[in-house]
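Notes follow the structure.
All values derive from a computational prediction rather than experimental measurement. What's counted below: heavy atoms across the whole structure, side chains too, no hydrogens, waters or symmetry copies.
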Amino acid sequence: MIAFVGGGARSGKSHHAEALAGAWHRSRGGELVYLATAQAADAEMAARIARHRRERDSGWRTLEAPLALDAALAEVAEGDSVLLDCLTLWASQWLYAGGGREADGEAMLGRVIETARTRDIALVVVSNDLNEEPPPTDADTWRYLAFLQRLHRRLAREADRVIEVVAGMAIQWKTADGVPAGEGDTEARR
């Protein structure tokens, strides 16, 4: 099972994703793993990382993967539940902190998805929806946004669930049966 949880900055998406990963863990067993992409590059980020750690209970094992998501996922056992937080930071680090070409980053996300599927890892991926921000004015930011949106589209296409969090409220865009919300028998999903 793979879920993509997106939303604007400080929308509550990480909280919702942690709850979903925890629920999957309780129903499936295995270990509960937090795959962290953030690096404490400045005081504000260090404070955010510390706050996230305090808010998580002690049942989480943390793996830090600022670039090598596939290598980190290789350390996860079959049947575990994993929260990858967040794809937005990973994408910026990939492009600007030594990760590599965009095509290689897209291929890595593909390997992560494939690994989760073949090893029965319940994967919840968090990412910011940067389309809610004012449009960028420089080519480099446009390049980053285009890369991130390609990752988002791939993840949304392949995920079993796609959830957007707005002001702490979760909107289901694609349900657990893989059908986009609004298609099929919506009455049965209420």
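- Aromatic ring pairs are classed by plane angle as parallel below 30°, tilted from 30° to 60° and perpendicular above 60°; the pair Phe4 and His152 is tilted.
- For Arg150, the side chain to side chain donor-acceptor pair (under 3.5 Å) criterion is met by Glu102, Glu106, not counting sequence neighbours.
- For Thr88, the side-chain contact (heavy atoms from CB on, under 4.5 Å) partners are Cys86, Ser127, Asn128, Leu130, Tyr144, Leu148, not counting sequence neighbours.
- Annotation: the span from Trp90 atom CH2 to Leu67 atom CG amounts to 8.0 Å, rounded to 0.5 Å.
- Checked against salt bridge (charged side-chain N to carboxylate O under 4.0 Å, His left out), Asp140 has the following partners two or more places apart in sequence or in another chain: Arg143.
- Evaluation of the side chain to side chain donor-acceptor pair (under 3.5 Å) rule for Ser81 yields no partner, not counting sequence neighbours.
- Sequence neighbours left out, the pairs with a member in residues 67-80 that pass side-chain hydrogen bond (donor to acceptor under 3.5 Å, both in side chains) are Asp70-Arg111.
- Partners of Thr115 under the side chain to side chain donor-acceptor pair (under 3.5 Å) rule, at least two apart in sequence or in another chain, do not exist in this structure.
- A search for salt bridge (charged side-chain N to carboxylate O under 4.0 Å, His left out) contacts involving Arg153 returns nothing, not counting sequence neighbours.
- Under the side chain to side chain donor-acceptor pair (under 3.5 Å) criterion, Glu31 pairs with Arg61, sequence neighbours left out.
- Atom CE in Met1 sits 12.0 Å away from atom CG in Leu123 (nearest 0.5 Å).
- Taking the side-chain contact (heavy atoms from CB on, under 4.5 Å) definition, one finds that Ala17 meets it with Val5, Leu83, Val124, Val126, sequence neighbours left out.
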Could you list the donor-acceptor pairs under 3.5 angstrom formed by side chains in residues 19-26, with sequence neighbours left out?
unit_1: His25; atom_1: ND1; unit_2: Gly30; atom_2: O; d: 3.2
unit_1: Arg26; atom_1: NH1; unit_2: Gly22; atom_2: O; d: 3.2

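- With sequence neighbours excluded, no residue forms a salt bridge (charged side-chain N to carboxylate O under 4.0 Å, His left out) with Glu114.
- In terms of heavy-atom proximity, Leu69 sits nearest to Val112 at CB-CG2, 3.7 Å.
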